[in-house]
Amino acid sequence: MVEKIQQIHQEVLAYVFDENQKAEQFRLAYLSKKGIITELFEVFKTCSVEEKKSLGSVLNQLKREVESKYQEQKEKEEALSDQQHNAEDVTLPVYQFQSGALHPLRIVEDRLLEIFYSLGFDVSEGPEIEDDYHNFGALNFAEDHPARDMQDTFFISGHVLRTHTSSVQIREMEKGNFPLRLVMPGRVYRNEAVSARSNCFFHQIEGLYIDKGVSFADLKQTLYYFVQQFFGEGTKVRFRSSYFPFTEPSAEMDIWAGLDTEENRRLTKGTGWLEVLGCGMVHPNVLKSCNIDPEECSGFAFGMGIDRITMLKYGIADIRDFFVNDVRMLKQFAGI
Ligand code: DAH
């Protein structure tokens, strides 16, 4: 037995670790359940008391040595693998992946919606292919109103491509859930010549608030708040009286853009005032078309174009640039 222990001791001392003989192989050979050291202890159990006295300490000594050799190697291997992990060549080119960017119109639409959410408005959408009734009739357009003319409207087999998001007002009021406090974004179409400043389709956000006792003061306060949030604290606002078939009284709202730059003068036609939206108190005839009693409920509405204010915000000179899908243009908006 003593010889056997000595022989194994020599063997352990001579054990050289390499790729095929790593700490784990060493542990399996010596320290595992079927390992050599474990077997020696089995044999030891069968020895006489005398033998045990002389062998015990030698055998324990061997076991400690084997364990520490194993431990040492294991730590070495772990340190090496950490090192290899950290030693990746940081000068190698990184894997190039393309990250997407939100379209500028989407960025602006999201911001607009966020402002109205903060005032308690919900969002809703309606169809782009509409019938004459929702796009015109229910909105109090007379039969012979020029907006129904072939010039402005795209007609498709008895339907129209909606010319404004005001049609969604009607769809929502018809549902009969009151009070209503909604913003309704979407694409609209007009049969117009395409140029840097106008397109045959563009984007609007419609607003609608219907309840008992809604007044023009509510409308103005809502829009003042919106302007301060979107265009910045201290932006000057003015309301001009206007006409829309579906509101009475009607107004257009301008913000002060200034006369400092060429761009300002061009956009504001030399006045310094930039037209932002149309608005007004929902016309009693419109309420009646949706089975709302104008004596009981009132409401305000507003509608604004998103494309123009996006062009203003990001200095985009040509409305067509939005839709060429040139990634070089879109990439500029990554992370905004
Ligand atoms: N629908 C109008 C347009 O496309 C904009 C508008 C004006 C919407 C007044 C409204 C409103 O809701 O009250 O020019």
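Atoms considered below: every heavy atom in the structure, side chains included; atoms not considered: hydrogens, waters and symmetry mates. Both counts, for ligands and for their atoms, begin at 1 and track the order of listing. Note that this is a predicted model, so its numbers are computed, not measured.
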Problem set entry | Ring-ring centroid check Phe226 Phe302, cutoff 6.0 Å | no
Exercise. Which heavy atom of the protein is the closest neighbour of atom 12 (O) of ligand 1, given with residue, atom name and distance?
Worked result: Glu206 OE2, 2.6 Å
Seminar exercise, completed: Ranked by distance from atom 2 (C) of ligand 1, the top protein heavy atom is Phe246 CZ, 3.8 Å
Exercise. Got an N/O contact under 3.5 Å between Gln204 and ligand 1?
Worked result: yes
Which value, rounded to the nearest 0.5 Å, describes the distance between [X] atom [atom1] and [Y] atom [atom2]?
X      : Y      : atom1 : atom2 : result
Ser167 : Glu172 : OG    : CD    : 10.5 Å
Glu65  : Ile8   : CD    : CD1   : 12.5 Å
Leu112 : Ile205 : CG    : CD1   : 4.5 Å

Ligand-residue contact atoms, ligand 1 with [X], heavy atoms, under 4.0 Å:
X      : answer
Gln169 : 12 (O)
Ala301 : 12 (O), 13 (O)
Gly280 : 13 (O)
Phe244 : 7 (C), 9 (C)
Thr247 : 13 (O)

For this session: With heavy atoms under 4.0 Å as the rule, classify the contact between Ser166 and ligand 1 as side chain, backbone, both or neither.
Result: side chain
Exercise. So is Glu252 in contact with ligand 1, going by heavy-atom distances below 4.0 Å?
Worked result: no
Exercise. Could Lys313 and Phe230 be counted as a cation-pi pair, given that NZ or CZ must be under 6.0 Å from the ring centre and within 45° of the axis?
Worked result: yes
For this session: Check the angle between the aromatic planes of Tyr30 and Tyr15 and answer parallel, tilted or perpendicular using the 30° and 60° thresholds.
Result: perpendicular
Problem set entry | Nearest candidate to atom 3 (C) of ligand 1, where distance is taken over non-hydrogen atoms, out of His283, Met304, Met184, Arg190 | Arg190
Problem set entry | Flag for Glu206-His164: side-chain donor and acceptor within less than 3.5 Å | no
Exercise. Is the number of heavy atoms from other residues, nucleotides or ligands under 6.0 Å of Arg265 CZ greater than 12?
Worked result: yes
